[in-house]
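Worksheet: one structure, shown below.
Along the sequence shown, residues carry numbers from 1.
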Amino acid sequence: MSSSDYDLRDSKQTYDMFNDYQPQAVIHLAGKVGGLKANSEFLGDFFEENILINTNVLLAAKEFGVQNLVSFLSTCIFPAEAEYPLFAEMLHEGEPHHTNFAYAYAKRMLEVQSRAYKQQHGLKYNCVTPTNIYGKHDNFNLESSHVVPALIHKCYIALVEDTPFVVWGSGEPLREFIYAPDVAKLAVWALDHPEHSNMILSPGQEVSIKELVLEIVEAMNFDGEVIFDETKPDGQFRKPTSSTLKSVLPDFKFTPLEEGITETVNWFVKEYGNCKK
């Protein structure tokens, strides 16, 4: 199901969804999301809509008797001045980055609501925090997408129009990327293992935006000029995460970035006329 089926900002439609499906367990992925540009320009929208979605979903889940629920947070909601690596327990230990503070506080309240329901009602409501997710079927809209799909789309346009590939910022910031199929496997695992609450989902490898761009350029077979526009903001420089997941699941095999980017680029080029952009 998607937002075209039920608008989770609306409490009645949210209740209708739960009534129609009668779920026994829930993986809560819904939210209003976007990249650096959208987050900083539509602060009120991001706060309001995420507060409504999360409140409605968890309240409906509780009232329909759902015992197990896993909700998704984001590393961008952690304190901007946090010491690294990030641990789940550090979520509320400082102000988020000023560029996305509204989204960050709304998502932090999802963790608060989950913890409150767990303590008061004994429900197995937990959160997980993936690093930057990318993959097929993503939102590739240049105004609202995250870094990987936005860069893939911009590189494709530069290839087709024979123009320079312009990237926001210096390319120096570091991020951790995780392929969507890996996230799916870990989400189901988290649902089945509520004793491991509030895990950060990450391969534990930092990659610079410049390295990411080079992977996309190679996968796209783009041989034009690449320009890093340093008049545009970089955002937070780095936010490395803890390796707690590896100690719990030491044998989990993450998809290498090169493989995941290649698969995503090939899918995007093939589905350009049909994908969300």
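Y179 and E259 form no side-chain donor-acceptor contact under 3.5 Å, judged by distance and modelled atom types alone. Between the side chains of Q113 and Y125, not a single donor N or O lies within less than 3.5 Å of an accepting N or O.
What you find for G135 and D138 is that their closest heavy atoms are O-CB, 3.4 Å. The shortest non-hydrogen separation linking G169 to F228 is O-CB, 3.3 Å. In this structure, S197 and N126 approach most closely via the heavy-atom pair CB-OD1, 3.1 Å. Closest of all the heavy-atom pairs between D234 and G171 is OD1-N, 4.1 Å.
Cation-pi geometry between K277 and F140 is not satisfied (NZ or CZ under 6.0 Å from the ring centre, within 45° of the ring normal).
In this structure, the side chains of I178 and L186 come closer than 4.5 Å at one or more pairs of heavy atoms. In this structure, the side chains of V265 and Y156 stay at 4.5 Å or more apart for every pair of heavy atoms. A 4.5 Å side-chain heavy-atom check between V148 and I261 finds at least one atom pair inside the cut-off. Side chains of N54 and H28 form a contact here, defined as non-hydrogen atoms less than 4.5 Å apart. Contact of the F64 side chain with the P23 side chain is not registered, since no non-hydrogen atoms from C-beta on lie closer than 4.5 Å. A 4.5 Å side-chain heavy-atom check between L69 and L123 finds every atom pair outside the cut-off. Using a 4.5 Å heavy-atom threshold, the side chains of V147 and W168 count as separate.
Put simply, the side chain of N68 never gets that close to the backbone of P194: no donor and acceptor are under 3.5 Å apart. In this structure a side-chain-to-backbone donor-acceptor pair under 3.5 Å is missing from Q119 to A116. Panel note: side chain N56, backbone L8; a donor-acceptor pair is recorded below 3.5 Å.
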Tell me which donor-acceptor pairs under 3.5 Å the side chains of residues 71-88 have, and how far apart each pair is, sequence neighbours excluded?
from	atom 1	to	atom 2	distance (Å)
S74	OG	C76	N	3.2
Y84	OH	Q236	NE2	2.9
Y84	OH	R238	O	2.7

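Within the structure, salt bridge (charged side-chain N to carboxylate O under 4.0 Å, His left out) pairs that include any residue of residues 94-116 comprise E111-R115 (at least two apart or interchain). The salt bridge (charged side-chain N to carboxylate O under 4.0 Å, His left out) contacts involving residues 12-30 comprise K12-D16, where partners must be two or more places apart or lie in separate chains.
In this structure, D7 CG and T14 OG1 are separated by 7.5 Å, a value rounded to the nearest 0.5 Å. In this structure, CG on D45 lies 11.0 Å from CG on N39, to the nearest 0.5 angstrom. A distance of 10.5 Å separates OG1 in T262 from CD1 in I216, rounded to the nearest 0.5 Å. The line from OG1 of T163 to CD1 of I227 is 9.0 Å long, rounded to the nearest 0.5 Å.
Aromatic ring orientation, H196 versus H193: tilted (interplanar angle from 30° to 60°). Using cut-offs of 30° and 60° for the angle between ring planes, the W267 and H137 rings count as tilted.
Shown here is Q13, whose CD atom has more than 12 heavy atoms of other residues, nucleotides or ligands within 6.0 Å.
Between H146 and Y134, the ring centre distance reaches or exceeds 6.0 Å.
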